[in-house]
Asker: 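Below are the structure tokens for one structure; questions will follow.
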Amino acid sequence: MGYNFKKIATMAIISMAVVLSITGCNQNADEDSAFQTLDIEQLETDTTDINDRAEYYDKNVDDRIDEMTDEEKEKFYVNLTLTYTGREYYEEDYIIFLRNDNVYEGDLYDGDDTIGLSPGIYRVISSKAEGGRGAALGDIYLLTPGEDVTLNVDYTSSKATIINDENTK
């Protein structure tokens, strides 16, 4: 009787392993998750060009957003809140967010302070910084979907800095 029990238990374990391998239940669920953190190596290295970045964004951000419900999109977008330093001298400014594959993603006008952006690396541009001539204020890294991030736009130094996250450059 003991021998049959061992044989049955062994067969059950083997059967379960086969079923798991066929269904993929033993794979890491984050591999294809819509909320997977972006790979900085795919977005910014000496060997990646704008076409490589565009292809990566299409596959890992844009195509996924196209398949999401409104509720899923709300959870996926990075919630960016802006604070301003020295803004009193720069009325009616546009803050523009240009993704590093040269895709315009959005802007804030005249002191607006919140925007939702898809994950990515962005160049932050002010239409009024540096004496009204306009300037790039720096790059920000919003790599983790669903994050809440605070960005300070400092007109005195012409820099944009994430103040609650280590993903700044």
Side-chain angles (χ1 to χ4, degrees), residues 30-169:
D30 288 340
E31 286 297 316
D32 202 33
S33 169
F35 298 94
Q36 186 176 357
T37 299
L38 299 185
D39 182 359
I40 195 166
E41 296 297 320
Q42 299 291 322
L43 295 173
E44 184 180 70
T45 63
D46 294 337
T47 59
T48 58
D49 64 15
I50 193 165
N51 295 321
D52 297 330
R53 292 189 294 267
E55 185 177 319
Y56 181 82
Y57 281 123
D58 281 345
K59 179 182 177 190
N60 295 286
V61 177
D62 301 333
D63 289 348
R64 290 179 184 227
I65 288 172
D66 290 344
E67 297 172 3
M68 290 180 184
T69 65
D70 289 342
E71 185 177 297
E72 289 170 328
K73 288 177 187 176
E74 190 174 312
K75 291 177 183 176
F76 184 74
Y77 278 84
V78 175
N79 301 305
L80 192 63
T81 302
L82 274 67
T83 61
Y84 299 93
T85 302
R87 187 178 179 334
E88 59 274 9
Y89 302 109
Y90 298 94
E91 297 295 320
E92 300 181 6
D93 188 18
Y94 279 100
I95 302 296
I96 300 163
F97 299 92
L98 183 67
R99 204 166 63 184
N100 73 334
D101 63 343
N102 284 342
V103 172
Y104 164 84
E105 286 291 319
D107 63 66
L108 294 172
Y109 176 69
D110 199 21
D112 290 340
D113 62 358
T114 58
I115 189 170
L117 296 171
S118 60
I121 299 174
Y122 289 91
R123 167 110 346 130
V124 181
I125 302 167
S126 164
S127 67
K128 298 281 184 167
E130 294 194 5
R133 295 186 308 269
L137 302 175
D139 294 341
I140 59 172
Y141 292 66
L142 306 175
L143 302 176
T144 305
E147 277 187 309
D148 292 319
V149 176
T150 302
L151 177 73
N152 184 59
V153 173
D154 187 344
Y155 289 96
T156 58
S157 66
S158 294
K159 290 190 178 195
T161 308
I162 294 177
I163 57 178
N164 69 334
D165 189 277
E166 63 277 354
N167 293 324
T168 59
K169 281 220 176 181

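When a residue number appears, it is its place in the shown sequence, counting from 1. Given the structure is predicted, the values throughout are model-derived calculations rather than measurements.
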Asker: Do the side-chain N and O atoms of Tyr57 and Asn100 include a donor-acceptor pair separated by under 3.5 angstrom?
Answerer: yes
Asker: For the CG atom of Leu82 and the CZ atom of Arg87, what is their distance to the nearest 0.5 Å?
Answerer: 10.0 Å
Asker: So how far is it from Asp113 CG to Thr83 OG1, rounded to the nearest 0.5 Å?
Answerer: 9.5 Å
Asker: Give a yes/no verdict on a cation-pi contact between Arg99 and Tyr104, requiring under 6.0 Å between NZ or CZ and the six-membered ring centre and an angle within 45° of the axis.
Answerer: no
Asker: Do Ile162 and Leu142 touch side chain to side chain, with heavy atoms closer than 4.5 Å?
Answerer: yes
Asker: Is there a side-chain contact between Arg123 and Ile125 (heavy atoms, below 4.5 Å)?
Answerer: yes
Asker: Answer whether the closest heavy-atom distance between the side chains of Leu80 and Phe97 falls below 4.5 Å.
Answerer: yes
Asker: Using side-chain heavy atoms (C-beta onward) and a distance below 4.5 Å, is Leu38 in contact with Thr144?
Answerer: no
Asker: Would a 4.5 Å heavy-atom cut-off, applied to side chains only, mark Leu143 and Leu43 as touching?
Answerer: yes
Asker: Enter the distance from Ile40:CD1 to Thr48:OG1 here, rounded to the nearest 0.5 Å.
Answerer: 10.0 Å
Asker: Please lay out, stage by stage, how Lys75 and Glu71 fare under the test salt bridge (Lys or Arg N to Asp or Glu O under 4.0 Å).
Answerer: CA-CA 7 Å; Lys75 291 177 183 176; Glu71 185 177 297; 3.8 Å; yes
Asker: Say whether, by atom type as modelled, one donor and one acceptor occur between the side chain of Ser127 and the main chain of Tyr94 under 3.5 angstrom.
Answerer: yes
Asker: Would you sort out whether Tyr122 and Leu98 count as a side chain to side chain contact (heavy atoms under 4.5 Å, CB included), showing the intermediate values?
Answerer: CA-CA 5 Å; Tyr122 289 91; Leu98 183 67; 5.9 Å; no
Asker: Is it true that atom NZ of Lys159 has more than 12 heavy atoms of other residues, nucleotides or ligands lying nearer than 6.0 Å?
Answerer: no
Asker: Does either side chain, that of Tyr155 or that of Asp93, offer a donor lying less than 3.5 Å from an acceptor on the other one?
Answerer: yes
Asker: Under 4.5 Å between any side-chain heavy atoms of Thr81 and Val149, yes or no?
Answerer: no
Asker: What is the distance from atom OG of Ser158 to atom CG of Leu137, rounded to the nearest 0.5 Å?
Answerer: 6.5 Å
Asker: Hey, could you give me the CD/CD1 distance between Glu55 and Ile50, rounded to the nearest 0.5 Å?
Answerer: 13.0 Å
Asker: Is there a donor-acceptor pair closer than 3.5 Å between any side-chain N or O of Glu72 and the backbone N or O of Thr69?
Answerer: yes
Asker: Going by atom types only, do Asn152 and Thr161 share a side-chain donor-acceptor pair under 3.5 Å?
Answerer: no
Asker: State, with a plain yes or no, whether a side-chain heavy atom of Pro119 is found less than 4.5 Å away from one of Tyr77.
Answerer: no
Asker: Going by heavy atoms in the side chains, are Ile140 and Ile121 under 4.5 Å from each other?
Answerer: no
Asker: So which atom in Asn79 and which in Gly146 form the shortest heavy-atom distance, rounded to 0.1 Å?
Answerer: ND2-O, 4.5 Å
Asker: Quick one: closest heavy-atom pair of Lys73 and Ile65, and the distance?
Answerer: CE-O, 3.1 Å
